[in-house]
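For reference, the structure discussed in these notes is given below.
Proteins come first, then strands; the chains are lettered A, B, ... in the order of their sequence lines, and each starts at number 1.
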Amino acid sequence: MTTTGKSRSGAEGGESRGNVDRYTPADIEKKWQTKWEADGIYQAPDHVEGKENYFSLVMFPYPSGDIHMGHWFQYSGSDAYARFKRMQGYNVLHPQGFDSFGLPAENAAIERGADPREWTYSNIENSRRQFREMGASYDWSRELVTSDPDYYKWNQYWFLQFYKNGLAYRENGQANWCPKDQTTLANEQVKDGACERCGTAVTRRAMPQWFFAITKYADELLEMDSLDWPEKIKTMQRNWIGRSTGTTIGFDVSEFAPGEKIETFTTRIDTVFGVTFVVLAPEHPLIEKLTQPDHKAAVDAYVENAARETEIDRTSTEREKTGVATGAHCINPLNGERIPVLVGDYVLASYGTGAVMGVPAHDARDFVFAKKYDLEIRVVVSPPDWDGREFEDAWIPAGTQVNSGEFNGMSSIDGKEAIADKIESNGWGTRTITYHLRDWLISRQRYWGTPIPIVYCDDCGTVPVPEHELPVRLPDKVRFDSDGRSPLTKDTSFLNTECPDCGKPAKRETDTLDTFVCSSWYHLRFASPNPDEDPLEVDQVSAWVPVAAYQGGAEHAVMHLLYSRFFNKALRDLKFVEFDEPYTKLTNQGMLTKDGGKISKRSNPLPPDPVVEKHGADTLRCYLMFLGPWDQGGDWSDSGINGIKRWLSRIWDVAQRDKSKLGASGSEDAERGLARIAHATTQRVLADMDVFKFNTSIAALMEFTTALMRSYESGDVSAASWRAGIDRLLLHTAPLAPHIAEELWQRTGHTGSIHLELNPAFDESLIAMDTITLAVQVQGKLRDQIEVPADIAQDAAIEAAKEAPNVMRHLEGMLIVKEIYVPGRLINIVVRPA
RNA sequence: GCCGAAGUGGCGGAAUGGCAGACGCGAUGGAUUCAAAAUCCAUUGGGGUAACACCCGUGUGGGUUCGACUCCCACCUUCGGCACCA
């Protein structure tokens, strides 16, 4: 038989492997991409006899120009998973589309004079090309583009349904404003007080805005037990919703504002006897009424200053707490005390009631505030060993009620309930639940989005556009001025319309919808892509949704993923869908970095196209999946990619060897050895692929590839079992490296696409070994190894272990205390000196 | 500050109570070549030995266990999230 060296030599190699060409990805990848598309092999019919439907969805991209390396990482893994599920025998829906509304298109317009529509659609064209080059198995017949009127029409439709059912409303209030992007933002889109998109410090601005009533679902959104999601994401959602139970209590101010009370919310009603002041947020409506003439100048200045400050300044925990007295006082209903009312910007208008009762002894913030303004610090919950001395810090934990009238001596845990009871029975307040979650602000003062289908009429007021008039189309060829305002506010042909009710001239709403509205229901449209007259076809939706496996980045934890859940619940209550949750299982791909840092076009570039050109799409796909566990991300390095290229080349080589060099039957040992690794490989790959562990799947396949080469070179295996091994290798490689697997599948004489085949099965009995190696430890330290029959009994194994030479040495002069036998793995002999 | 994840060779990582370092990169030596590239073979945690033996080794310190990368406690570092939420 040929030795390795000989089989590699030019003359013989050609002979033994039959004029095999070198692995050149460029020669095969485009060919298969075209063929797959022409044959429509990835199109998912709504029903296939004998197959279960499986919706594997990956978050669709914003078409910013390029499918970058991070996208490759995300989409290679999710595509491999969808392909794997298809080969598991499921009827898999794996669609793709474009989340194509959004600010970058407008910024391109403003900065470069590009037309947002042209800019967007040419980017989409480019992205489609790149997706194709990736060899992704998308069902392109279901592609959706959210900036197409036949998609955003339904955004408008949903808005109208929500509006009719009290889930969409317009309200004048303080909104987060990004001065750079010239638009308001939802709370979720403000990170560290800055615009999530551009990083500009967010300010507050009072203006009427549209909201979706997500808070109505706050409690239901907290129920996540049924979701197979990463715990981390669930925790983030729970924290964001931020449910806290407490008591609202009113502090009478009728002395200064007849009939008025300051409502405050507290989770620590047990400390209410320790209230020595009340602080209002600078935006609190009662400030004007309460401020006394001699304090007015100071209060006005303070409030004005607070309004000017950015969210970053306002919410910094570092900065000193400030406040100013109003001159007014209020009454603590529990003890009738008269206490000062101040204004302070550490109190947030947007949370609770916008006013807090100040209990410096038992709240860290109130404590520093009281110290600074020399306000009384009265202990009402005593620490266990308190000697009556002044506090150096607020005491937050529970304790014993003191200075609390009739509640003295009670534990503060009981006090909390007893005091709340008293407050409720006297009508001073009520037990209340508050949430950090705010209603979803959906108005954007931008052009490139879904127009909100509302008309304002002088006579009829706010009038929804009738459904049959949808879509309200976004005008084309608009003008962008340097003032940064949305072109819609100046486009008279858009702006001026007739009132749907009375027919008189009226004005259109010029705000557009937050683009997260588009992604809140796109999975439904993928399932039901075609209806014209209705948003969805119920049968199609129920055939596919909820999404069985959803993949995407963790950065969407409290934005897209929360909005989408809300949308689902709202649509359920409006009888459009029947299920409670949109995405059953969620997997977060990790982040791909380069040199440990974020990949960025400017500072840390890593364009995929040159890599594809040099190594091919299959190599890049596999390399990205080989970097590490997919859900943990990875760090790109140029050097490692050769290893994957070598592996694929070895597959290319081994699969095309001339099997006629092998005999009709092989040696028993070699046959069993090959069967063992073949079946063991399948076992490993099936288990790992199912949990997105592509890296270890590839490692298993690399080992199998080597084993196949060795079997061939040894010449001891039959042509048939070697051939079967090659098939198995190709089938497992298919989801990871679809082009080379398909090419070799054809070259090895199969007809039909490998991607329509099923995963091979494995037989556990073939994986089992006849003889096994047992590790033998003495005192838990490895001392020797013994070869024993796999079915050896415990006693026999231990006897054999004691006879191993190196074990004997360590047993000498020792008394055996204990013998531990782990079947198939090891023996541990515990001894002590005799 | 709070919550969460992670820390393993020169590097990416594997092993989740049972032989640490699978697989790959890189490196070293060899084969092939006029030469190089490519490819193939071998070695590759540290110390130690002629070779064995043996000792050390999964961020640090303690603990549980016959046995710990794995479980528990404390700490350090890195990354992610939240952060005046009353």
Between [N] and [M], how many Å separate the two [atom1] atoms, rounded to a whole number?
N     : M     : atom1 : result
B:A53 : B:A20 : P     : 14 Å
B:G24 : B:U39 : P     : 13 Å
B:G4  : B:A14 : P     : 23 Å
B:G17 : B:C72 : P     : 12 Å
B:A5  : B:G10 : C1'   : 26 Å
B:A22 : B:G45 : C1'   : 15 Å
B:A74 : B:G9  : C1'   : 28 Å
B:C56 : B:G61 : P     : 14 Å

Where is the tightest heavy-atom contact between [X] and [Y], given as atom of each residue plus distance?
X        : Y        : value
A:Arg621 : A:Leu736 : NE-O, 3.0 Å
A:Gly77  : A:Met625 : CA-SD, 4.0 Å
A:Lys802 : A:Met808 : O-CG, 2.9 Å
A:Gly643 : A:Met702 : O-CE, 4.4 Å

Please classify the nucleic acid contact of [X] as base, sugar-phosphate, or nothing, using heavy-atom distances under 4.0 Å.
X        : value
A:His362 : nothing
A:Arg243 : nothing
A:Arg650 : sugar-phosphate
A:Val356 : base
A:Gln777 : base
A:Lys234 : nothing
A:Val347 : base
A:Thr773 : base

| request: Would you sort out whether A:Trp647 and A:Phe626 count as a ring pair (Phe, Tyr, Trp, His ring centres under 6.0 Å), showing the intermediate values? | output: CA-CA 12 Å; A:Trp647 170 54; A:Phe626 189 61; 8.0 Å; no

| field | A:Glu392 and A:Lys371 ion-paired at < 4.0 Å | value |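 Result for this pair is no, no salt bridge flagged.
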
| said: Regarding A:Asp219 and A:Arg243, does a basic nitrogen lie under 4.0 Å from an acidic carboxylate oxygen? | reply: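 Looking at A:Arg243 together with A:Asp219, the answer is yes, because their closest N to O distance falls below 4.0 Å.
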
Quick one about [Y] and [X] (side-chain donor to acceptor, distance below 3.5 Å, no hydrogens or angles considered), yes or no?
X        : Y        : answer
A:Arg650 : A:Thr706 : yes
A:Tyr435 : A:Thr215 : no
A:Tyr346 : A:Asp366 : yes

| field | Atom CG of A:Asp192: over 12 foreign heavy atoms under 6.0 Å | value |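 No, the 6.0 Å shell around CG holds no more than 12 heavy atoms from other groups.
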
| query | Is the number of heavy atoms from other residues, nucleotides or ligands within 6.0 Å of NZ (A:Lys372) greater than 12? | reply |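 More than 12 within 6.0 Å, yes.
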
| message | Go nucleotide by nucleotide along RNA chain B from the 5' end; which of A:Ile641 and A:Arg809 gets its closest nucleotide reached first? | response |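 Mapping each residue to its closest nucleotide by heavy atoms, the 5'-most match is A:Ile641.
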
| field | A:Ser639 or A:Thr267, whichever maps to the more 5' nucleotide of RNA chain B | value |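 It is A:Ser639, whose closest nucleotide lies nearer the 5' terminus.
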
| request: Taking the six-membered ring for Trp and the full ring for Phe, Tyr or His, determine whether the centres of A:Phe277 and A:Phe369 are under 6.0 Å apart. | output: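 Yes, the ring centres sit under 6.0 Å apart.
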
Counting just side-chain N and O atoms, does [X] come under 4.0 Å of either OP1 or OP2 of [N]?
X        : N     : value
A:Arg22  : B:U39 : no
A:Arg268 : B:A86 : no
A:Asn239 : B:C2  : no
A:His436 : B:C82 : no
A:Arg783 : B:C52 : no

Closest approach to the side chain of [X], judged atom by atom: which nucleotide of [options] is it?
X        : options             : result
A:Arg646 : B:U39, B:C54, B:C19 : B:U39
A:Trp240 : B:G81, B:A83, B:G18 : B:A83
A:Lys781 : B:C25, B:A86, B:C55 : B:C55

| request: Please state how far atom NZ in A:Lys645 lies from atom C1' in B:C25, giving the value in whole angstrom units. | output: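 Spelled out: NZ on A:Lys645 to C1' on B:C25 is 16 Å.
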
| message | Apply the syn/anti split at 90° from 0 to B:G9 and say which one it is. | response |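 That one's syn.
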
| A:Asp653 and A:Tyr23: side chain to side chain donor-acceptor pair (under 3.5 Å), yes or no, with the steps? | CA-CA 8 Å; A:Asp653 170 52; A:Tyr23 170 47; over 6 Å; no

Heavy-atom contacts under 4.0 Å between [range] and RNA chain B, which residues?
range                       : answer
residues 817-825 of chain A : A:Lys818, A:Ile820, A:Val822, A:Arg825
residues 622-637 of chain A : A:Phe626, A:Leu627, A:Pro629
residues 678-703 of chain A : A:Lys693, A:Asn695, A:Thr696, A:Ala699, A:Met702, A:Glu703

